[in-house]
Amino acid sequence: MATDYYAVLGVRRDASQDEIKKAFRRLARELHPDVNPDPKTQERFKEINAAYEVLSDPQKKQVFDLGGDPLSSSGGGGGAGGFGAGGFGNFSDIMDAFFGQSQQRGPRSRTRRGQDAMIRLDLELDEAAFGTTKDIQVDTAVVCTTCSGEGAAPGTAAQTCDMCRGRGEVSQVTRSFLGQVMTSRPCPQCQGFGTVVPTPCPECAGDGRVRSRRSLTVKIPAGVENGTRIQLAGEGEVGPGGGPAGDLYVEIHELPHSTFQRRGDDLHCTVTIPMTAAALGTKCPLETLDGLEEIDIRPGTQSGQAIPLHGRGVTHLRGDLGRSGQLRGDLIVHVEVTTPSKLDPAQEDLLRQLAKLRGEERPLGQFAPGQQGLFSRLKDAFNGR
């Protein structure tokens, strides 16, 4: 009976190539002869290698799925009997199982991209609403002017590492069941750079960059709000070795306003008027973001009533038209009517005369269901009310 290679690796027949590779590497770490010298384990290791050779090759996998034996038909010796030419096609996968993914060979560059930086910028409401231009101070890493980012003291230069001869890695030969195996690791003397700096720059200590404070001008678009981040490409930290700079992010923090509360692109405020003004009507001056305006309080205005001023809010950030067809949000004025708590005899007499004229000397009032709390509503629901 033909070997079920899916069962050997412990995967489903519809397993992806990534699942097949992960299963093989997991088993290879457990059953490798250098880890487990038991002869039975070595036979098992040969089986998983043969199974992976078939299932990792699309053509061989197709032959196997159609009921054939791709190892026998191709004459390969990579089956359970031993390692043939086909078996060594998976050598890199066996090495990856023990030493991790293969890395780029050769020395690594001393020049690397710098990190991104972020600074918080406080804005007044009108600045956020209409946009502005701000000068900010930024403390970041910049290229060292003494060594121009090279990291070596003036008059000196980096030298080829005598341990790895500029390769950035050293090799070591070990013995395994496959014979001699050569592995590589970063050179401990130059940390994989391939060069050493015998005389570092005294200004930057060989890093190629120093910290400095500089000024930047930032254009703030109209409509920004708390948490908005403005990206300034290439204005962040310069990288080691004078590498390219990262980005600078300016995070907006909108300061509280004495009159208005912002909700999205709409502004809200409250005007408090006496009951006589609410009954007779009046006009209240209001200093808006666009200047002084008079709010028309119509006769009979009730407490809690809202008066909208369309297009007097914050500019929409992307220049879109809002729900009112404006490029800006609205200003909503909420009216709060106060009732006098103390009256002198003359005022009290006038109010009694007004109540008599209106037939409100002993008003019965109008009652409606009140607002219930959460527990009261739950109780009523369980009682079937």
Side-chain angles (χ1 to χ4, degrees), residues 92 95-96 99-123 127 131-172 182-221 224 226-253:
S92 62
M95 292 298 102
D96 286 347
F99 304 108
Q101 296 287 343
S102 58
Q103 299 178 351
Q104 183 178 357
R105 305 298 296 271
R108 60 192 182 101
S109 175
R110 289 185 179 274
T111 302
R112 301 191 299 278
R113 182 184 184 274
Q115 294 183 346
D116 296 336
M118 188 173 70
I119 186 172
R120 195 178 85 161
L121 179 62
D122 294 337
L123 291 181
E127 295 175 325
T132 185
T133 300
K134 287 284 189 178
D135 293 328
I136 59 175
Q137 300 292 320
V138 183
D139 186 6
T140 59
V142 298
V143 176
C144 176
T145 56
T146 302
C147 65
S148 300
E150 296 295 330
T156 66
Q159 299 179 359
T160 301
C161 176
D162 57 7
M163 177 176 287
C164 66
R165 301 183 184 276
R167 296 192 304 271
E169 58 184 15
V170 293
S171 302
Q172 181 179 5
M182 180 176 293
T183 59
S184 300
R185 60 186 177 90
C187 175
Q189 180 167 294
C190 66
Q191 284 75 50
F193 294 117
T195 59
V196 293
V197 181
T199 310
C201 172
E203 185 68 23
C204 64
D207 192 37
R209 55 183 182 168
V210 293
R211 300 203 70 81
S212 176
R213 176 164 292 186
R214 53 198 174 96
S215 298
L216 289 175
T217 301
V218 184
K219 184 177 180 180
I220 309 299
V224 295
N226 263 333
T228 300
R229 291 185 179 181
I230 301 172
Q231 181 181 11
L232 302 179
E235 297 293 350
E237 301 277 349
V238 167
D247 298 335
L248 174 66
Y249 291 89
V250 179
E251 185 175 83
I252 301 301
H253 177 250

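A quick note: this is a predicted structure, and the numbers were derived from the prediction, not measured.
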Participant: Here's a test for you: under side chain to side chain contact (heavy atoms under 4.5 Å, CB included), which of Asp247, Val250, Val218, Leu216 qualifies with Glu235?
Facilitator: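 Only one option passes, and that is Leu216.
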
Participant: Checking Thr228 now: which residues fulfil side-chain hydrogen bond (donor to acceptor under 3.5 Å, both in side chains) with it, not counting sequence neighbours?
Facilitator: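 By the side-chain hydrogen bond (donor to acceptor under 3.5 Å, both in side chains) rule, Thr228 matches no residue at all.
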
Participant: What pairs of donor and acceptor atoms, side-chain ones from residues 141-160 against any protein atom, are under 3.5 angstrom apart with sequence neighbours left out?
Facilitator:
{"residue": "Thr156", "atom": "OG1", "partner": "Ala153", "partner atom": "N", "Å": "3.2"}
{"residue": "Thr156", "atom": "OG1", "partner": "Ala153", "partner atom": "O", "Å": "2.6"}

Participant: Checking Arg113 now: which residues fulfil side-chain hydrogen bond (donor to acceptor under 3.5 Å, both in side chains) with it, not counting sequence neighbours?
Facilitator: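 Arg113: side-chain hydrogen bond (donor to acceptor under 3.5 Å, both in side chains) contacts with Asp116.
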
Participant: Taking all heavy atoms of Ser109 and all of Phe193, pick out the closest pair and write down the distance.
Facilitator: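 Ser109 and Phe193 have their closest heavy atoms at O-CE2, 3.6 Å.
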
Participant: For the atom pair OG (Ser215) and CD1 (Ile136), what is the distance rounded to the nearest 0.5 Å?
Facilitator: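 It is 9.0 Å, given to the nearest 0.5 Å.
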
Participant: What distance do Thr140 atom OG1 and Leu248 atom CG have between them, rounded to the nearest 0.5 Å?
Facilitator: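 It comes to 7.5 Å.
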
Participant: Please round to the nearest 0.5 Å and tell me the distance separating atom CD of Glu169 and atom CZ of Arg108.
Facilitator: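 So the CD of Glu169 and the CZ of Arg108 are separated by 12.0 Å.
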
Participant: According to salt bridge (Lys or Arg N to Asp or Glu O under 4.0 Å), does anything in residues 236-246 pair up with another residue at least two apart or in another chain? List the pairs.
Facilitator: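 Only Arg211-Glu237 qualify under salt bridge (Lys or Arg N to Asp or Glu O under 4.0 Å).
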
Participant: Side chain to side chain contact (heavy atoms under 4.5 Å, CB included) with Asp122: which residues, sequence neighbours excluded?
Facilitator: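 Arg120, His253, Leu255.
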
Participant: Just do the side-chain contact (heavy atoms from CB on, under 4.5 Å) check on Leu121 and Ile220 with the steps written out, would you?
Facilitator: CA-CA 10 Å; Leu121 179 62; Ile220 309 299; 3.8 Å; yes

Participant: Which atom pairs, donor and acceptor, lie under 3.5 Å between side-chain atoms of residues 197-210 and protein residues at least two apart or in another chain?
Facilitator:
{"residue": "Asp207", "atom": "OD2", "partner": "Arg209", "partner atom": "NE", "Å": "2.6"}
{"residue": "Arg209", "atom": "NH1", "partner": "Val238", "partner atom": "O", "Å": "2.7"}

Participant: Only counting residues at least two apart or in another chain, list the ones meeting side chain to side chain contact (heavy atoms under 4.5 Å, CB included) with Thr217.
Facilitator: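 If we apply the side chain to side chain contact (heavy atoms under 4.5 Å, CB included) test to Thr217, skipping adjacent residues, the hits are Thr133, Asp135.
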
Participant: Could you list the residues that satisfy side chain to side chain contact (heavy atoms under 4.5 Å, CB included) with Met163, not counting sequence neighbours?
Facilitator: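 Scan of Met163 (side chain to side chain contact (heavy atoms under 4.5 Å, CB included), adjacent residues dropped) gives Cys161, Val170, Cys187, Pro188, Gln189.
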
Participant: With sequence neighbours excluded, what pairs up with Asn226 under the side-chain hydrogen bond (donor to acceptor under 3.5 Å, both in side chains) test?
Facilitator: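 side-chain hydrogen bond (donor to acceptor under 3.5 Å, both in side chains) check on Asn226 returns nothing, list empty.
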
Participant: Nearest 0.5 Å, what's the CZ-CD distance between Arg214 and Gln137?
Facilitator: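 Those atoms lie 10.5 Å apart.
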
Participant: Between OH of Tyr249 and CD1 of Ile230, what distance do you get to the nearest 0.5 Å?
Facilitator: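 Separation between the atoms: 12.5 Å.
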
Participant: Looking at residues at least two apart in the chain, or sitting in another chain, which of them share a side chain to side chain contact (heavy atoms under 4.5 Å, CB included) with Arg165?
Facilitator: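 Scan of Arg165 (side chain to side chain contact (heavy atoms under 4.5 Å, CB included), adjacent residues dropped) gives Arg167.
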
Participant: Might you confirm whether atom CD of Gln231 has over 12 heavy atoms from other residues, nucleotides or ligands at distances under 6.0 Å?
Facilitator: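 Atom CD in Gln231 is crowded, with more than 12 foreign heavy atoms closer than 6.0 Å.
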
Participant: Using the side-chain hydrogen bond (donor to acceptor under 3.5 Å, both in side chains) criterion, which residues pair with Arg229? Sequence neighbours excluded.
Facilitator: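 Here the qualifying residues are Glu251.
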
